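Worksheet: one structure, shown below.
Just so you know, these numbers come straight off a predicted model, no measurement behind them. In what follows, every heavy atom counts, from backbone to side chain, and hydrogens, waters and symmetry copies are set aside.
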Amino acid sequence: MELGAVIREQRKRLALKQLDLAGLGNTGNRFIVDLENGKPTVQLQKVLDLMDLLGLEVVVRTKASRSISSL
């Protein structure tokens, strides 16, 4: 599942509208719309801040299918 979709689902689970999340995250509604729609150029720090507000976290791990050592 894409990150924007995960954020959208959590926002809805918390009964928040996009405008609500924008206000809580001190960002514009356009940013929330772009993020949830998968825009690839959104600012990472803003994404991380919103995820924190929603109770989400990022986990980084090595890809199972490909790593630098296999190149």
Side-chain angles (χ1 to χ4, degrees):
M1 180 178 283
E2 301 252 344
L3 180 59
V6 172
I7 289 172
R8 180 185 303 113
E9 282 187 8
Q10 182 69 354
R11 173 182 59 77
K12 288 181 176 184
R13 197 174 294 119
L14 296 172
L16 294 171
K17 295 180 181 179
Q18 288 177 329
L19 282 173
D20 297 332
L21 183 56
L24 290 170
N26 198 28
T27 190
N29 189 60
R30 181 85 235 157
F31 179 80
I32 305 300
V33 171
D34 288 344
L35 172 60
E36 289 186 356
N37 286 325
K39 183 177 179 183
T41 58
V42 293
Q43 294 178 7
L44 180 58
Q45 188 58 57
K46 284 185 179 182
V47 173
L48 295 173
D49 291 344
L50 287 173
M51 289 179 65
D52 186 52
L53 281 171
L54 293 169
L56 299 170
E57 64 182 5
V58 175
V59 176
V60 178
R61 61 182 170 84
T62 304
K63 287 183 178 182
S65 61
R66 183 175 158 193
S67 67
I68 292 175
S69 61
S70 66
L71 295 178

Handout entry: Contact check, side chains of I7 and L50, non-hydrogen atoms, under 4.5 Å
Key = no

Handout entry: Contact check, side chains of V6 and Q10, non-hydrogen atoms, under 4.5 Å
Key =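 Counting from C-beta outward, V6 and Q10 never come under 4.5 Å.
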
Quick one: pull up [atom1] in [X] and [atom2] in [Y] and give me the separation to the nearest 0.5 Å.
X	Y	atom1	atom2	answer
L54	L16	CG	CG	7.0 Å
L53	D20	CG	CG	12.0 Å
E2	E36	CD	CD	13.0 Å
L48	L56	CG	CG	11.0 Å
L44	M51	CG	CE	9.5 Å
L35	Q43	CG	CD	11.5 Å

Exercise for the section: Group every Ile, Leu, Val, Met, Phe, Trp and Tyr by side-chain heavy-atom contacts under 4.5 Å, then state whether L19 and I32 land in the same group. Expected result: no

Practice task
Run through T27, V58, L3 and flag the one making a side chain to side chain contact (heavy atoms under 4.5 Å, CB included) with V47.
Solution key: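 When side chain to side chain contact (heavy atoms under 4.5 Å, CB included) is applied between V47 and each of T27, V58, L3, only L3 qualifies.
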
Problem - Residues forming a salt bridge (Lys or Arg N to Asp or Glu O under 4.0 Å) with R13, sequence neighbours excluded - result: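 R13 satisfies salt bridge (Lys or Arg N to Asp or Glu O under 4.0 Å) with E9 only.
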
